[in-house]
Amino acid sequence: MAEADIALIFVCTALVFIMTPGLAFFYGGLLRKKSMINMMAMCFVSIAVVSVLWFFIGYSLAFSPDVGGGFIGGFDYIGLYGIKYDDYFVGIYTDAIPQMLYMVFQLMFAIITVAIIASPFAERVNFGAFIIFISCWLILVYSPIAHWVWGEGGWLRVMGALDFAGGTVVHINVGFASLAVALVIGPRKGYKKEPMEPSNVPYVLLGTALLWIGWFAFNGGSALGANDTAVIAMFNTHLAACAAGFVWMIIEYVRSGKFSMLGLATGALAGLVAVTPASGFIEPWAALIIGVVVAPICYTTLTIRNRSKIDESLDAWAVHGWGGIWGAIATGIFATIGATSAITGNPGQIWTQIVGVIVTAAYSFIVTFVIAIVIHKLIGLRSTEEEEYIGLDISCHGEIAQG
Amino acid sequence: MAEADIALIFVCTALVFIMTPGLAFFYGGLLRKKSMINMMAMCFVSIAVVSVLWFFIGYSLAFSPDVGGGFIGGFDYIGLYGIKYDDYFVGIYTDAIPQMLYMVFQLMFAIITVAIIASPFAERVNFGAFIIFISCWLILVYSPIAHWVWGEGGWLRVMGALDFAGGTVVHINVGFASLAVALVIGPRKGYKKEPMEPSNVPYVLLGTALLWIGWFAFNGGSALGANDTAVIAMFNTHLAACAAGFVWMIIEYVRSGKFSMLGLATGALAGLVAVTPASGFIEPWAALIIGVVVAPICYTTLTIRNRSKIDESLDAWAVHGWGGIWGAIATGIFATIGATSAITGNPGQIWTQIVGVIVTAAYSFIVTFVIAIVIHKLIGLRSTEEEEYIGLDISCHGEIAQG
Amino acid sequence: MAEADIALIFVCTALVFIMTPGLAFFYGGLLRKKSMINMMAMCFVSIAVVSVLWFFIGYSLAFSPDVGGGFIGGFDYIGLYGIKYDDYFVGIYTDAIPQMLYMVFQLMFAIITVAIIASPFAERVNFGAFIIFISCWLILVYSPIAHWVWGEGGWLRVMGALDFAGGTVVHINVGFASLAVALVIGPRKGYKKEPMEPSNVPYVLLGTALLWIGWFAFNGGSALGANDTAVIAMFNTHLAACAAGFVWMIIEYVRSGKFSMLGLATGALAGLVAVTPASGFIEPWAALIIGVVVAPICYTTLTIRNRSKIDESLDAWAVHGWGGIWGAIATGIFATIGATSAITGNPGQIWTQIVGVIVTAAYSFIVTFVIAIVIHKLIGLRSTEEEEYIGLDISCHGEIAQG
Amino acid sequence: MKKLECYVRPEKLEPIKKGLFELGIKGMSISNVKGHGSQRGIKLVGRAGEYCVEWIEKLKLEIIIKDNGQLDEIINCIIENAKTGKPGDGKIFIIPVEDAIRIRTNEKGESCL
Amino acid sequence: MKKLECYVRPEKLEPIKKGLFELGIKGMSISNVKGHGSQRGIKLVGRAGEYCVEWIEKLKLEIIIKDNGQLDEIINCIIENAKTGKPGDGKIFIIPVEDAIRIRTNEKGESCL
Amino acid sequence: MKKLECYVRPEKLEPIKKGLFELGIKGMSISNVKGHGSQRGIKLVGRAGEYCVEWIEKLKLEIIIKDNGQLDEIINCIIENAKTGKPGDGKIFIIPVEDAIRIRTNEKGESCL
Ligand SMILES: Nc1ncnc2c1ncn2[C@@H]1O[C@H](COP(=O)(O)OP(=O)(O)O)[C@@H](O)[C@H]1O
Ligand SMILES: Nc1ncnc2c1ncn2[C@@H]1O[C@H](COP(=O)(O)OP(=O)(O)O)[C@@H](O)[C@H]1O
Ligand SMILES: Nc1ncnc2c1ncn2[C@@H]1O[C@H](COP(=O)(O)OP(=O)(O)O)[C@@H](O)[C@H]1O
């Protein structure tokens with residue numbers, strides 16, 4: 001037991017928590033005013049639903065001892081049964097913090113991941129179905145993949161895939177899941193015909209700031225202790241975000257002559273995503289490169305998505321999915337601290353990373369697609385057309401963003 | 001001295017601080033636009049006034065050695081005299097943190113409590129009188145009750161009442177004080193006749209997020225150290241908030257077919273309130289129950305208040321008062337960690353808790369009523385009718401929320 | 001190595017980070033709606049640009065071993081070369097935290113300083129030129145002054161000037177730099193003829209809250225460890241802010257009969273500024289005095305600036321410059337903890353402080369003036385008149401604050 | 001048919017509405033405007049010291065009514081409920097309307113008011 | 001020249017605009033208003049329980065058009081695209097306009113519409 | 001009496017106001033509208049790449065004036081101060097007004113302008 005580690009991870013948990021409200025403002029500001037509360041509602045309800053399910057079953061499936069082939073955990077921790085509040089975690093990473101703390105720190109990861117998936121539901125969700133969807137998704141998609149990567153005996157971990165803070169589990173996963181949902185749910189009414197401008201840029205910037213500070217804790221805290229790995233992870237996180245945000249802004253400037261702040265915010269987000277799996281394994285110069293490179297990658301994927309007919313409205317696929325892929329691969333290229341990679345003479349690590357990417361993306365896409373289509377057929381993932389035109393704030397929540 | 005404890009409580013202090021601005025946005029968003037700044041002003045001026053008074057006298061009355069019967073502390077710490085910056089606290093809870101840190105951590109509790117009491121003043125306050133009122137209230141109501149529960153020799157503590165993080169001192173107290181003020185000050189002009197809709201739901205959600213993260217520190221930090229009690233308190237806090245927010249939303253959905261976010265936010269707040277006195281004494285399943293049960297309780301009290309003619313405008317009484325009462329009783333039922341309760345064979349604890357509830361509520365209500373009525377007679381707690389109609393933002397602060 | 005110190009400074013770094021988005025909202029809310037995003041953009045781009053330059057050169061110039069006369073550091077840490085992620089800082093203050101952590105904590109100081117300088121560019125900036133300007137300014141002004149005060153061998157430090165958390169480096173520096181820029185760039189079109197009212201008071205209050213919580217970490221964290229100096233610095237910070245905010249509000253009330261929240265916010269900011277250099281050296285009663293006194297000082301300087309023709313739009317000079325000057329002198333008067341001052345029989349300290357003030361202000365003003373004028377002649381610091389009239393949000397960023 | 005365009009103090013909306021309802025007038029629309037007139041402007045407070053806002057928030061009330069004898073009654077009702085006697089109370093303008101159509105029913109003319 | 005003042009549901013703006021474009025009408029202005037009429041108000045939800053908002057957000061569309069035969073066509077077009085058949089669809093008022101001036105060119109009269 | 005409804009660029013408000021003051025016109029009201037006309041729309045930037053906003057923010061200025069010879073002078077003054085020569089400068093419409101009432105004093109007619 002190390003008290004300082006508890007102190008740090010306690011606070012990091014709180015800071016990762018604030019990412020989800022941050023996302024609510026980030027996403028909400030990007031939508032039309034008439035459905036802004038609805039987007040925030042999806043984020044806030046994710047907090048509530050995921051937390052309760054995590055307590056009952058999610059944590060157990062992800063982190064209790066493996067029940068077969070490294071695919072999923074068992075039921076040992078159902079209802080947190082068997083986790084005493086003063087048990088110290090005797091796990092793979094650390095024995096310095098109570099398992100309870102590890103559990104709640106991990107919970108915050110699960111929450112933000114689930115909230116990101118609100119992207120393809122934007123402005124057209126059947127809110128009741130959304131609650132059911134995320135419940136299934138947590139159990140059938142998130143918990144298994146978390147187990148693969150972080151669980152004791154998880155197959156990706158055993159294979160040697162590197163993922164410091166969740167690039168695979170969180171970002172690639174949620175990116176491809178969002179794409180699957182977008183295909184099932186279909187575009188918003190009037191998509192590409194009516195204007196759908198972002199309604200509140202300051203909210204987007206507020207959200208960016210909250211996500212950013214939370215990410216220090218997300219990546220830094222993944223060291224699970226107050227040590228120099230946490231520090232380097234934090235700095236790498238920051239540097240990649242800065243580089244990516246700046247480069248994105250410059251790309252936009254070259255293209256349209258404007259210093260877009262939505263661009264800077266999106267770029268910073270892409271940088272934060274990309275550096276996540278590498279953050280504790282690399283030196284700052286590599287974080288800088290990761291950040292610089294992720295901007296054109298995600299700018300391209302976002303542009304492609306934009307031109308397509310797929311209304312993956314808030315671009316979780318383009319930013320989290322592809323930022324995550326680049327990050328996973330970059331980890332295989334640049335890892336030097338506590339791990340080996342291409343530049344330390346282990347080019348095979350890149351392939352290991354790619355396997356992780358492909359399997360995660362495929363699993364996430366396919367299973368999410370199935371879940372979505374089943375729910376869509378049974379109760380419908382979408383609101384009615386009239387509700388959509390009136391705006392979900394009034395029709396679904398009985399509220400007006402600014403009256 | 002334990003450095004990690006200092007690190008944790010230092011940060012918790014900062015996070016509890018942010019609750020008051022959070023409350024400013026939570027409360028402000030619930031009011032009409034024309035008096036939004038005024039509500040925020042009451043919260044911010046509470047920060048300033050309470051801090052200065054705490055330095056001069058408040059802390060001394062609450063925490064310096066008892067001067068008689070466990071009712072109130074003495075004048076030993078007037079102007080923080082006698083507290084050296086490197087004295088370690090040799091108190092009841094811990095000797096690990098400097099007394100200065102304990103003092104400032106406690107200050108943040110006093111601030112948020114005083115800010116909550118802005119509820120019945122909403123949209124109709126005589127701002128100068130409010131400053132006088134809160135000054136008196138801090139000294140005559142908050143400090144004594146804090147002494148009863150937390151002070152060395154405080155009578156409620158001696159009696160064995162359990163209050164981990166301030167359910168009695170903060171929430172029951174402020175709830176009944178708000179009711180008293182509401183009775184003295186009377187309803188807003190046009191109350192129940194004119195529409196008084198919430199003007200900014202995103203602000204309410206922002207406030208909720210800031211309150212929530214602050215509450216991790218409020219309850220977790222009340223362990224006064226980086227240890228497993230802090231961790232369990234934090235998780236319980238979170239789980240109760242999630243459960244209560246979700247249940248409240250569902251109640252609302254059943255009643256009106258809408259997934260109300262004001263409902264979710266209010267429910268989460270009720271959950272946070274209710275779990276406060278129990279947070280470090282219970283296991284997570286009990287937190288879940290506390291959260292689930294508090295939602296219908298406060299939903300009912302809020303509905304009753306709504307139907308009455310009492311314009312306790314932001315429902316501190318319904319949410320903090322009754323959430324706090326349920327929390328106090330629930331502590332007597334469910335405490336298992338470091339305390340005994342009904343479920344560990346000590347049903348008498350429930351009665352001890354109830355005594356604490358009744359005495360606190362009665363003392364708070366009566367003394368607040370007297371303070372309020374005296375000030376009301378002398379200088380008037382209310383703004384003029386014209387100021388009220390124009391809106392206090394312009395008439396009292398010379399400012400417009402969004403011009 | 002002390003893990004608790006790492007935990008604390010890690011979190012403080014994150015909290016100081018949030019000050020810059022806080023400033024974005026503080027500043028943004030004070031401007032007209034048509035250029036609000038632009039102000040936020042200057043703050044956010046400061047984060048990106050300063051971070052990357054700090055990595056490459058800024059940190060080295062400020063903190064690598066002196067290369068001559070205590071004026072500037074060398075190139076040893078270019079690209080953070082030579083700083084291993086697990087090197088512990090063997091510096092002047094502490095050997096408890098990794099140098100990497102010290103570097104990133106200091107980075108956050110550099111960022112907020114650079115962001116404050118956006119003040120005189122408000123609503124009329126040529127954004128490209130701003131990026132060039134802040135790059136030069138970081139290297140030619142900030143890094144040298146940081147070296148003087150904090151660098152090993154820095155001449156002001158050697159001379160014995162006291163500056164706990166950066167009153168000289170950050171506030172006096174940025175105040176006089178802003179004045180220089182204001183003189184070069186000239187007033188906004190229509191200044192003093194057209195109304196230029198603050199457009200969003202709640203944003204100003206949100207910004208204040210974020211700055212405030214960040215300042216706990218800014219000053220407290222400057223103790224570089226989880227110890228009682230950090231605690232006393234935090235409390236002093238808070239108390240000075242409260243006192244100054246309250247006094248400012250009262251001054252305004254006496255003058256105009258209104259309880260101005262912009263006044264309270266500005267006063268609190270002035271208090272935070274003034275207490276910065278003294279925070280870890282003084283006892284709370286001195287912080288109270290510093291806060292009480294700074295309010296009339298900055299109220300006066302702000303009023304003088306307001307009456308002048310100089311459009312130093314957001315009053316960095318009046319608040320940061322003069323708040324910083326008073327703070328520096330007050331440190332020479334009141335320091336009692338770990339330092340001597342006038343009240344402990346060392347009146348000479350006041351003169352040392354004044355020397356620091358004058359040299360910093362003069363250097364900052366002159367060098368900034370030269371940088372600004374060179375850039376202004378070469379590419380122009382200002383947007384075109386038409387862009388200014390339309391508003392920079394649309395003309396420069398292609399965005400609308402609230403559409 | 002006539003259209004009344006009334007510029008009034010925002011805080012007077014509720015009494016005006018009530019008065020009109022009592023006269024049986026239910027159709028109306030409001031919007032936020034800023035106005036200038038004999039009222040001098042209001043004093044607001046900045047970071048230090050006051051400044052004067054020349055454009056004052058007013059409410060614009062638009063009511064299309066039938067062209068019958070009720071006109072004066074309606075105007076008196078608005079005046080009564082909107083008046084404070086201080087500059088800034090606002091004005092009522094009467095504008096001719098040629099026709100009205102109810103979208104829901106395609107009805108035309110006075111019947112659809 | 002005539003001015004059409006149309007109070008419509010905000011969510012109907014896009015179809016109306018499209019319809020008018022097809023008729024060759026390009027000049028128009030919109031603003032947010034709140035309205036009252038035969039529509040009962042909408043139910044919103046507070047912290048606990050519903051309340052009714054009497055003022056409903058509408059869009060006011062102002063179009064100045066030439067005084068030629070197109071008037072009916074335009075009105076029909078708006079009706080068609082704005083109608084839901086439920087109370088609250090709104091109304092169209094026709095107001096006489098005496099003259100129009102294009103600021104950019106000083107042009108006067110119908111040609112500048 | 002006449003009502004001038006002017007749709008102008010928001011950034012031109014101050015010069016127009018100044019011009020009108022010099023002519024002795026003090027009573028006026030403004031509101032925010034979004035407009036559509038010969039101006040093509042402005043380009044804004046999203047997360048990646050531009051998009052075009054068809055509805056452009058304009059200011060609507062409403063001035064009720066006496067029906068005397070000053071009309072042309074006033075219109076010229078507005079044109080002068082609002083013109084940039086580029087599409088989007090806006091238009092002025094002249095609408096008849098039948099009567100005016102000052103709420104504060106019950107005055108009727110031109111005297112209350
Ligand atoms: N000639 C006018 N044209 C348009 N609006 C006007 C005119 N005169 C007054 N108003 C509107 O009426 C409001 C109140 O008018 P004001 O002259 O200030 O008060 P009073 O009518 O009591 O003299 C103004 O703020 C403005 O919105
Ligand atoms: N007499 C009127 N004067 C001004 N605005 C009106 C009038 N009647 C209706 N409106 C506007 O039209 C909107 C819709 O009218 P309403 O009566 O609710 O529906 P419907 O036309 O379908 O009966 C109202 O909300 C209001 O904005
Ligand atoms: N026929 C019209 N009806 C109502 N508003 C109009 C009309 N024509 C123009 N406007 C308003 O005037 C603004 C400017 O008109 P626009 O045609 O773009 O420029 P210009 O007058 O220079 O050709 C529009 O944005 C719109 O608000």
Side-chain angles (χ1 to χ4, degrees), chain D residues 1-10 12-13 15-16 19 29-41 53-65 67 71-98, chain F residues 1-8 10-35 57-67 74 77-78 81 93-113:
Chain D
M1 276 172 289
K2 299 284 177 227
K3 181 182 184 198
L4 301 184
E5 294 199 347
C6 323
Y7 296 91
V8 298
R9 296 183 192 276
K12 292 297 184 187
L13 173 62
I16 297 173
S29 300
I30 52 172
S31 52
N32 297 312
V33 302
K34 298 195 174 188
H36 214 290
S38 53
Q39 186 180 11
R40 275 282 175 74
V53 173
E54 295 189 321
W55 295 101
I56 301 173
E57 301 209 0
K58 297 283 167 192
L59 213 63
K60 181 179 174 190
L61 188 60
E62 291 171 283
I63 321 171
I64 285 87
I65 52 169
D67 216 355
L71 186 64
D72 279 349
E73 203 182 344
I74 293 170
I75 288 176
N76 285 335
C77 165
I78 295 171
I79 290 180
E80 220 167 83
N81 288 299
K83 189 185 285 197
T84 68
K86 279 174 265 177
D89 277 356
K91 303 204 166 61
I92 304 173
F93 300 112
I94 303 172
I95 290 171
V97 173
E98 294 185 356
Chain F
M1 277 170 289
K2 298 285 176 228
K3 180 181 184 200
L4 301 185
E5 294 199 346
C6 322
Y7 296 92
V8 299
E11 64 264 27
K12 292 298 182 185
L13 173 63
E14 285 304 317
I16 297 172
K17 192 197 70 178
K18 242 173 79 184
L20 291 171
F21 274 29
E22 281 163 15
L23 295 179
I25 306 292
K26 296 240 155 154
M28 62 189 92
S29 300
I30 51 173
S31 53
N32 297 312
V33 302
K34 297 196 175 187
E57 300 208 1
K58 297 283 167 193
L59 212 65
K60 180 179 174 188
L61 188 61
E62 292 171 281
I63 321 171
I64 284 88
I65 52 169
K66 286 176 205 159
D67 215 354
I74 292 170
C77 165
I78 295 171
N81 288 300
F93 300 112
I94 304 172
I95 290 172
V97 173
E98 294 184 355
D99 208 350
I101 299 113
R102 188 193 297 270
I103 291 173
R104 175 159 50 95
T105 57
N106 292 36
E107 268 174 276
K108 277 211 164 191
E110 299 217 331
S111 69
C112 72
L113 292 180

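Letters A, B, ... are given to chains in the order of the sequence lines, protein chains preceding strands, and every chain is numbered from 1.
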Subject >> Smallest separation among heavy atoms of F:I74 and F:L23, with atom names >> reply: CA-CD1, 3.8 Å
Original post:
Which pair of heavy atoms, one from F:I103 and one from D:K83, lies closest together, and at what distance?
Top reply: O-CE, 3.1 Å
Subject >> Rounded distance [0.5 Å steps], CD in D:Q39 versus CD in D:E54 >> reply: 12.0 Å
**OP:** May I ask you to name which of F:K60, F:E98, F:E107, F:K108 has the most heavy-atom pairs under 4.5 Å with chain D?
**Re:** F:E98
**OP:** Select one option (side chain, backbone, both, neither) describing which atoms of F:I95 are under 4.5 Å from chain D's heavy atoms.
**Re:** side chain
Original post:
Can you name the closest pair of heavy atoms from D:I94 and D:I75 and give their distance?
Top reply: CD1-CD1, 3.6 Å
Original post:
By a 4.5 Å heavy-atom criterion (distance strictly below it), what part of D:E5 contacts chain F: side chain, backbone, both, or neither?
Top reply: side chain
**OP:** Count the heavy-atom pairs under 4.5 Å between each of D:G37, D:P96, D:G35, D:A82 and chain F, then report the option with the highest count.
**Re:** D:P96
Subject >> Side chain, backbone, both or neither of D:I56 within contact of chain F (heavy atoms, under 4.5 Å) >> reply: neither
**OP:** Quick one: closest heavy-atom pair of F:L113 and F:A100, and the distance?
**Re:** CD2-CB, 4.3 Å
**OP:** Under 4.5 Å heavy-atom distance to chain D, tell me which part of F:L13 shows up: side chain, backbone, both or neither.
**Re:** side chain
**OP:** List the atom of D:C6, the atom of D:I78, and the distance in Å for their closest heavy-atom pair.
**Re:** SG-CD1, 3.8 Å
**OP:** Give, as side chain, backbone, both or neither, the part of D:K2 having an atom under 4.5 angstrom from any heavy atom of chain F.
**Re:** side chain
Original post:
In terms of heavy-atom proximity below 4.5 Å to chain F, should D:K58 be classed as side chain, backbone, both, or neither?
Top reply: neither
Original post:
F:I101, F:N106, F:I25, F:T105: which one forms the most heavy-atom pairs within less than 4.5 Å of chain D?
Top reply: F:I101
Subject >> Region of D:S38 that comes under 4.5 Å of a non-hydrogen atom in chain F >> reply: side chain
Original post:
Between D:L61 and D:L4, does a side chain to side chain contact (heavy atoms under 4.5 Å, CB included) hold up when you go through it step by step?
Top reply: CA-CA 8 Å; D:L61 188 60; D:L4 301 184; over 6 Å; no
Original post:
Taking all atoms of both residues into account, what is the closest heavy-atom pair of D:V33 and F:S31, and its distance?
Top reply: CG1-CB, 3.9 Å
Original post:
With a 4.5 angstrom heavy-atom cut-off, which part of D:E80 approaches chain F: side chain, backbone, both or neither?
Top reply: neither
